Amino acid sequence: MADCPIDGSRSKSFWSRSVIGYTTSAEKSHKYYKAFIYSYPLDRYFNEGAYQKIEKGERPVETDCTKHPGKCNGLSPFNLNDDDPFPNPPYTIGPDETVEFNEIKFDSKGTILWIGKRGKSYTRQQVISRIVVHEIGHSLLGAVEEDHCRNPSCIMYRFTEDWDQKSFGPPKIGIGNNDSCKHGPGKSLDIRVDGVVFNYLHR
């Protein structure tokens, strides 16, 4: 399922997706840790959603897909056709292969209270590319939780606010300051340091 029930342990209620990529520190291949991209949660991200449609008053649908696989074949509310004049199911044109980040406010039970305007569209390829580059970072850096970054301008940022491609420790930080990113040039997790990227054929 692309979206999970509201997490009441957080200070804010929100919906989240399943883990799409993971890098294990238990195995190595040619010096690097092994990265995996999980196709099942990625597919669910594009074709399953918490709501039948994005509309004020709509309540979330929570289904355990492992117990009821036949009920898990709906369209994600994120997977909208940008040319469709009526962007909620049933589609007049048909869904596309994109996801959008929309600002949505809902109550403690998940009922939609307010909907912001549709955000930027991202294709499946853009989503996969971003995940792959992020997991490459884990593969190079040691595949541990500490690889993550607090700065949203860095590819190793812990959360997903968009699917834009990022750099490893960009020198110009959009939010915060350079101290909030460990992946910049000369910082403690800089992949540019000699010996991090290894290619035997060219040494």
Side-chain angles (χ1 to χ4, degrees), residues 1-27 33-54 58-80 88-89 95-112 115-116 118-139 141-150 152 154-166:
M1 213 169 153
D3 299 295
C4 302
I6 299 169
D7 183 352
S9 65
R10 307 278 182 151
S11 59
K12 277 184 162 183
S13 295
F14 67 97
W15 294 87
S16 62
R17 56 170 169 76
S18 300
V19 174
I20 297 175
Y22 175 75
T23 301
T24 175
S25 59
E27 300 178 69
Y33 294 99
K34 288 185 178 180
F36 299 90
I37 306 299
Y38 300 128
S39 60
Y40 183 78
L42 181 64
D43 287 342
R44 298 285 72 76
Y45 181 62
F46 279 92
N47 59 34
E48 294 292 341
Y51 301 89
Q52 292 297 320
K53 54 186 175 181
I54 297 298
E58 189 76 10
R59 305 261 333 245
V61 177
E62 299 177 41
T63 304
D64 185 338
C65 295
T66 61
K67 296 179 180 177
H68 308 283
K71 294 183 179 179
C72 295
N73 57 1
L75 296 168
S76 169
F78 301 108
N79 185 6
L80 306 175
N88 292 315
D96 58 16
E97 283 285 297
T98 65
V99 291
E100 291 84 23
F101 282 75
N102 295 53
E103 185 179 0
I104 302 171
K105 292 181 181 178
F106 41 82
D107 64 18
S108 60
K109 294 182 178 179
T111 302
I112 295 177
I115 307 163
R118 185 183 303 171
K120 180 179 177 181
S121 295
Y122 296 94
T123 65
R124 177 181 289 263
Q125 187 59 46
Q126 287 173 309
V127 173
I128 294 174
S129 296
R130 165 72 178 272
I131 294 169
V132 166
V133 175
H134 179 92
E135 294 307 324
I136 286 173
H138 282 303
S139 180
L141 293 169
V144 293
E145 186 69 17
E146 290 73 29
D147 295 345
H148 283 134
C149 188
R150 292 179 297 159
C154 178
I155 187 67
M156 297 309 295
Y157 185 50
R158 180 182 304 274
F159 305 106
T160 306
E161 295 183 352
D162 55 50
W163 292 112
D164 293 342
Q165 196 60 270
K166 312 282 184 177

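Since the structure is predicted, the reported quantities are computational estimates derived from the model, not experimental observations.
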TODO: On the 0 to 90° scale, with breaks at 30° and 60°, tag the Tyr22-Tyr38 ring pair as parallel, tilted or perpendicular.
DONE: parallel

Open item on the list: I need the Ile112 CD1 to Ile104 CD1 distance, nearest 0.5 Å.
Closed with: 5.0 Å

Task: Distance, nearest 0.5 Å, that separates CD1 of Ile155 from NE2 of His134 - done: 7.5 Å

Open item on the list: Do Lys166 and Cys154 have side chains that approach each other closer than 4.5 Å (heavy atoms only, starting at C-beta)?
Closed with: no

Open item on the list: Please report the interatomic distance CG(Leu141) to OG1(Thr23), rounded to the nearest 0.5 Å.
Closed with: 10.0 Å

Task: Side-chain ion pair, Asp43 and Arg124, N-O less than 4.0 Å - done: yes

Open item on the list: Working to the nearest 0.5 angstrom, can you tell me the gap between Gln165 CD and Gln126 CD?
Closed with: 9.5 Å

Open item on the list: Which heavy atom of Pro41 sits nearest to which heavy atom of Val19, and what is that distance?
Closed with: CG-O, 3.2 Å

Task: Heavy-atom donor-acceptor pair, Arg130 side chain to Asp164 backbone, under 3.5 Å - done: yes

Task: Aromatic ring pairing Tyr45/Trp163, orientation class (parallel under 30°, perpendicular over 60°, tilted between) - done: perpendicular

Open item on the list: Less than 3.5 Å apart, any donor N or O on the side chain of Ser139 or Glu135 sitting next to an acceptor on the other?
Closed with: no

Task: Heavy-atom side-chain proximity of Lys120 to Asp162 below 4.5 angstrom - done: no

Task: Point-to-point distance, once rounded to the nearest 0.5 Å, from NE2 of His148 to OH of Tyr157 - done: 11.0 Å

Task: Heavy-atom closest pair, residues Met156 and Gly137 - done: SD-CA, 3.8 Å

- [ ] Enter the distance from Leu42:CG to Ile37:CD1 here, rounded to the nearest 0.5 Å.
- [x] 8.5 Å

Open item on the list: Minimum heavy-atom separation for Thr24 and Tyr33, please, with both atom names.
Closed with: O-CB, 3.3 Å

TODO: Please report the closest heavy-atom contact between Pro60 and Thr111, naming both atoms and the distance.
DONE: CD-N, 4.1 Å

